Amino acid sequence: MNTPVIAVHGGAWAIPENMIADTKLGIQDALRAGYQVLQSGGTALEAVQAAIIKMEDDPNFDAGNGSVLTYDGDVEMDSMIMDGSTMKAGSVGCVNSIANPIKLATLVMEKTDHVLLVGEGANKFAKEMGVPRVEIESLVSPHAKEEWERKTVGHDTVGAVAVDSMGNVASGTSTGGITAKRPGRVGDTPLVGCGGYADNEVGGVSTTGHGEGIIKVCLARHITFLMEQGLSAQEASEKALENMYNKVGSSGGVIVISKDGGVGQYFTTDKMARGWAKDGQIYWGVAMDDIQSCPIVLDR
Ligand code: GLY
């Protein structure tokens, strides 16, 4: 039996002072939701989904409710999930009018022979699967609106990686993308090997940051490749992000768990909201050297 571990991130970016407290609470809520699943005997896939749903529902994060807006003021969300036990993946790009894109990505993985559905086709698939439609306005947070009005690039992406007691690895990532993006722009998040990756024989990764740069270096798969060469989760995270910065000038962040439960987390942005839960303890922080921890208290 393996020790269950979950790690989450709520985006690598210059998180303003007035959002830090809520962001930290959101990270802890997501970790508790995911760890509770693992402690109750649930799978890594279920834990990843539970953690991401928490962050998609939290307007402090750029995913689901809280998604940043396109240049035209619309919501276009991307999401992916990957099961390291089967190497199956499901993802969606440019979806709107649903609360939890991670659920739709899971349905793509489980109910179709495809990996990625986008735009109108993805929205039609959501309808076919009976996913409830929500008003786009219900996904727009005051933070996202403010960033759009100022056309400032802010928020970025949520993600989770887990290893369950059976040693199965899963990863998931979800985002509204980047503020004032061109309508139709799809970032790294729904692309396997870029926004995330999971392989039971190595570990799992979820990424955040400048999508165009992450795509160019296939950041998530680069990290698992480095782990295959013998680097630890932490060493691989640092090396791959430094490589991305040096090669294409892009910044970002990652959370990583190796198949034996080793945690890696690193970022080349100002801050990254992230945390992990392991051996009954929860860890979280936003600045590089700011990691707090306490015993994890779960609902009965
Ligand atoms: N990393 C999220 C995006 O660029 O869309």
Side-chain angles (χ1 to χ4, degrees), residues 7-15 23 52 55-56 60-72 74-82 89 91-96 101-102 104-105 116 118-119 122 139 141 143-144 147-148 151-161 171-197 204-223 237 240-241 243-245 247-256 265-274:
V8 306
H9 71 75
W13 64 293
I15 306 169
T23 298
I52 291 183
M55 292 186 283
E56 286 179 337
N60 291 297
F61 299 111
D62 171 18
N65 176 1
S67 289
V68 299
L69 306 179
T70 67
Y71 190 83
D72 292 349
D74 285 332
V75 171
E76 291 185 351
M77 301 173 287
D78 305 333
S79 185
M80 75 156 283
I81 194 156
M82 186 161 185
S91 47
V92 291
C94 282
V95 289
N96 57 31
I102 194 71
L104 191 59
L116 172 59
V118 299
L139 301 172
S141 70
H143 293 304
E147 276 177 20
W148 179 73
K151 298 284 185 284
T152 48
V153 177
H155 287 65
D156 195 87
T157 313
V158 305
V161 180
S171 93
T173 309
S174 189
T175 191
I178 50 176
T179 296
K181 64 185 179 182
R182 218 174 243 279
R185 177 262 189 191
V186 175
D188 58 298
T189 297
L191 304 181
V192 172
C194 301
Y197 201 70
V205 181
S206 174
T207 71
T208 161
H210 184 229
E212 281 68 12
I214 294 172
I215 293 170
K216 288 174 198 158
V217 299
C218 298
L219 182 61
R221 181 65 184 107
H222 186 206
I223 290 173
S237 304
L241 279 167
N243 173 72
M244 180 168 85
Y245 187 78
K247 278 246 163 84
V248 298
S250 294
S251 301
V254 299
I255 50 163
V256 182
Q265 39 96 28
Y266 191 62
F267 50 99
T268 48
T269 50
D270 182 49
K271 295 186 177 70
M272 177 171 75
R274 80 280 186 204

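As the structure lists them, so they are numbered: ligands from 1, and atoms in each ligand from 1. Numbers for residues simply follow the sequence, beginning at 1. Note that the structure is predicted; figures quoted are calculated from it, not measured.
Within the 4.0 Å heavy-atom cutoff, K181 does not count among the residues contacting ligand 1.
The part of T189 lying near ligand 1 is the side chain, judged by heavy-atom distances below 4.0 Å. With a 4.0 Å heavy-atom cut-off, ligand 1 is reached by the side chain of R185 but not by its N, CA, C or O. Looking at D156 against ligand 1, only its side chain comes within 4.0 Å, counting heavy atoms.
For S174, the side chain to side chain donor-acceptor pair (under 3.5 Å) test picks out E56, with sequence neighbours left out. Every residue meeting the side chain to side chain donor-acceptor pair (under 3.5 Å) condition with T173, not counting sequence neighbours, appears here in chain and number order: S206.
On a distance-only criterion, G187 and ligand 1 share no N/O pair closer than 3.5 Å. For G211, a nitrogen or oxygen atom sits less than 3.5 Å from a nitrogen or oxygen atom of ligand 1, counting backbone and side chain alike.
Proximity to T157 (heavy-atom distance under 4.0 Å) selects the following atoms of ligand 1: 1 (N), 2 (C). Taking every non-hydrogen atom of D188 and a distance limit under 4.0 Å, the qualifying atoms of ligand 1 come out as 1 (N), 2 (C), 3 (C), 4 (O), 5 (O).
Using a 4.5 Å cut-off on side-chain heavy atoms (C-beta onward), L219 and D188 make no contact.
Exactly one of L191, I223, T207, V192 qualifies for a side chain to side chain contact (heavy atoms under 4.5 Å, CB included) with Y197. That residue is V192.
T179 and E147 form a side-chain donor-acceptor contact under 3.5 Å, judged by distance and modelled atom types alone.
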Could you go step by step and tell me if I178 and D156 meet the side chain to side chain contact (heavy atoms under 4.5 Å, CB included) rule? CA-CA 7 Å; I178 50 176; D156 195 87; 4.2 Å; yes

